[in-house]
J.: 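I have a structure I would like to understand better, so I am pasting it below and will then ask my questions one at a time.
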Amino acid sequence: MMRRSLMIATGSYLPERVVSNEELSTWVDTSDEWIRQRTGITQRHLAGEGELTSDLAIKAARNALDMAGLEGEDIDLIVVATTTPDDTFPATATKVQKALGAFNGAAFDVQAVCAGFVYALAVADNFLKAGQARTALVIGAETFSRLLDWEDRSTCVLFGDGAGAVLLRSTDGGTGNGWGVLSTHLHSDGRERDILYVDGGPSTTRTVGHVRMNGKEVFRHAVSKLSSVIDESLDANGLKAADVDWLIPHQANRRIIDAMANRMKLPAEKVVVSIERHANTSAASVPLALDEAVRDGRVRSGDLLLLEAIGGGLAWGAGLVRFGVPALSDRAGSETAREEVAPIA
Ligand code: UT7
């Protein structure tokens, strides 16, 4: 029987410091009105001095482990999606591993910028399906503010810091059929590198560099590429847009999110939007939005989720997931307890 990856729990963490559009307007020549109208953002969380990507990742991971009632030792794969690792090496995932005491397997990072979480989910799902790991922690964590040129108003107003996590556990068909990660679909196109990149790195400048973006071009590609990867993921599963309970999109621009929802003819109530409070947190945006919707009771066990994201590379992708644990389909995912998870694994 086919192994599947059940998505058994979620977690997230946001740094304490909140910076409103008004406050940002005192740093650069911008306005609350421009930012709201063009992006839907009203505020963002920014990591404090000395607060690292790993700190956010570890807190999000603990939050997810608590929901599942699992310990670090139950995890045998950690994949962290990040563009803002603590150091050039080792992988930020190894810091998470150490903090959680999760030494029964491998920990590594994945780099696909804003599409990073979807990429990391695909990697972990394939490890679980192949039987190479059983319980995976997948994290999107960023201190993207460290890559921003705070004098470039066309980029610095768009991003925020944060982390989100999900726990995947493999199950051998049976009750897991039709549950968990149904499929993932990844794409990249290096020819579009110059429309969104960081102008530096260890091999080119030996310094970190800053985000540079041709916003209009990225916007155009985002709408067309996300539309086609959404169609691809639905077609691959013989599903229609109307079957989707929740669209959990990358939170880069409210107008892109609305364009996807309109194309799918999904009512606003079926779209999880957090951009107004989180801004674009890159690899963290999808799991942050998902965790929020799980904890406030919108996303329930048994719901069909469509996750999608696009970012620098260009790299983009989508995943279809039936969230939660089969036996608990009538209960909120947030109530999943350790004893209740164990039998299905
Ligand atoms: O997560 C990775 C994927 N990233 C994305 O998906 C981002 C996609 N792109 C976008 O979201 C939008 O293109 C932006 C929000 C970045 C920009 O919106 P836009 O409607 O494409 O605006 P624009 O870049 O064409 O700029 C319009 C005007 C310009 O002024 P002029 O030349 O018309 O006089 C800019 O100088 O807005 C000006 N502007 C600003 N004004 C106030 C640019 N940034 C700001 C700002 N405050 N922060």
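Just follow the structure's listing: the first ligand is 1, and inside any ligand the first atom is 1.
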J.: Between ligand 1 and the protein, tabulate every N or O atom pair separated by less than 3.5 Å, reporting distance only.
T.:
| from | atom 1 | to | atom 2 | distance (Å) |
| --- | --- | --- | --- | --- |
| ligand 1 | 1 (O) | His250 | NE2 | 2.9 |
| ligand 1 | 1 (O) | Asn280 | ND2 | 2.6 |
| ligand 1 | 9 (N) | Gly215 | O | 3.0 |
| ligand 1 | 11 (O) | Asn253 | ND2 | 2.6 |
| ligand 1 | 13 (O) | Gly215 | O | 3.1 |
| ligand 1 | 20 (O) | Arg38 | NH1 | 2.9 |
| ligand 1 | 20 (O) | Arg255 | NH2 | 3.2 |
| ligand 1 | 21 (O) | Lys216 | NZ | 3.2 |
| ligand 1 | 22 (O) | Arg38 | NH1 | 3.3 |
| ligand 1 | 25 (O) | Lys216 | NZ | 2.7 |
| ligand 1 | 36 (O) | Arg153 | NH2 | 3.1 |
| ligand 1 | 37 (O) | Trp34 | NE1 | 3.0 |
| ligand 1 | 41 (N) | Trp34 | NE1 | 3.4 |
| ligand 1 | 47 (N) | Thr30 | OG1 | 2.6 |
| ligand 1 | 48 (N) | Thr30 | OG1 | 3.0 |
| ligand 1 | 48 (N) | Arg153 | O | 2.9 |

J.: Could you go step by step and tell me if His185 and Ser233 meet the side chain to side chain donor-acceptor pair (under 3.5 Å) rule?
T.: CA-CA 7 Å; His185 304 268; Ser233 57; 5.0 Å; no
J.: Where is the tightest heavy-atom contact between Pro249 and Val272, given as atom of each residue plus distance?
T.: CD-O, 3.3 Å
J.: Do the ring planes of Trp316 and His187 sit parallel (below 30°), tilted (30 to 60°) or perpendicular (above 60°)?
T.: parallel
J.: If we count only N and O atoms by modelled type, under 3.5 Å, do the side chains of Arg169 and Thr135 hold a donor and an acceptor together?
T.: yes
J.: If hydrophobic clusters are built by linking Ile, Leu, Val, Met, Phe, Trp and Tyr wherever their side-chain heavy atoms come under 4.5 Å apart, do Val181 and Val286 end up in the same one?
T.: yes
J.: Ser5 side chain to Ser170 main-chain N or O, any donor-acceptor pair under 3.5 Å?
T.: no
